[in-house]
Amino acid sequence: MKIFRTSPTARILSLVMTAALMGGGLIARFAEQPSHLMPILLVLCVTISVVALITGLHDHLGAVLLLTGLLTIALLPYAMVLGLAIQDRQYAGWLLAAGLVPLISWGLTWLRISHDAADPMETQEPQEFAGRSISAGSARA
């Protein structure tokens, strides 16, 4: 079974969270009419999240069902904080800072994947033992 945190669904959702938080902060801070751009941001993020969840439904049923419930619950507080940041622009920096969290975690997963790919046990040549060829990855339990 595949690990969920390295799946395309998890990656797309983390990028959507980053775009939602940082995009909301940028809209609140720099847009002339932020109330016109807020619904566009919400619709785009929700649509991409639904597509990502549908994509991962077959491989990660439990995680997708859990995320469906959690993302539905988190949408209202996010919209309220985004509305507050649009009304009072001093809160926009907090959205930008919160948007860095999924971005940093996404980058750290890439570092870990590239580190795991360089595992020396995977690249060893098969060895002979008692007339049988065994490789490092085919040890029996």
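If you read the sequence from its start, that first residue is 1, and numbering goes on from there.
- Both Val64 and Met17 belong to a single network of hydrophobic side chains, linked directly or stepwise wherever heavy atoms of I, L, V, M, F, W or Y lie under 4.5 Å apart.
- To the nearest 0.5 angstrom, Leu82 atom CG is 10.5 Å from Ser35 atom OG.
- Of the inter-residue distances, the one linking Ile86 atom CD1 with Gln33 atom CD reads 10.5 Å to the nearest 0.5 angstrom.
- With sequence neighbours excluded, the residues that form a side-chain contact (heavy atoms from CB on, under 4.5 Å) with Ala92 are Ala28, Arg29.
- Both Val81 and Ile27 are assigned to one and the same hydrophobic cluster, defined by single-linkage of ILVMFWY side chains at heavy-atom distances under 4.5 Å.
- Under the 4.5 Å side-chain heavy-atom criterion for ILVMFWY residues, no single connected hydrophobic cluster contains both Trp94 and Val101.
- Residue pairs meeting the ring-ring contact (aromatic ring centres under 6.0 Å, His included) criterion with at least one partner in residues 11-54, sequence neighbours excluded, do not occur; the list is empty.
- Under a 4.5 Å side-chain heavy-atom cut-off, the cluster of Ile, Leu, Val, Met, Phe, Trp and Tyr residues that includes Leu66 is completed by Leu70.
- The side-chain contact (heavy atoms from CB on, under 4.5 Å) check on Leu96 picks up Met22, Leu26, with sequence neighbours excluded.
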What donor-acceptor contacts under 3.5 angstrom involve side-chain atoms of residues 51-58, with partners at least two apart or in another chain?
unit_1 : atom_1 : unit_2 : atom_2 : d
Thr55  : OG1    : Val51  : O      : 2.7

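- With sequence neighbours excluded, the residues satisfying side-chain contact (heavy atoms from CB on, under 4.5 Å) with Ser49 are Leu13, Val16.
- Take Val46 and apply the side-chain contact (heavy atoms from CB on, under 4.5 Å) test, not counting sequence neighbours, and it matches Val50, Leu75.
- Sequence neighbours left out, the pairs with a member in residues 64-89 that pass side chain to side chain donor-acceptor pair (under 3.5 Å) are Asp88-Gln90.
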With a cut-off of 3.5 Å and sequence neighbours excluded, list every side-chain donor-acceptor pair involving residues 38-45.
none

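- Cluster partners of Leu76 are Met80, counting Ile, Leu, Val, Met, Phe, Trp and Tyr whose side-chain heavy atoms approach within less than 4.5 Å, directly or via other members.
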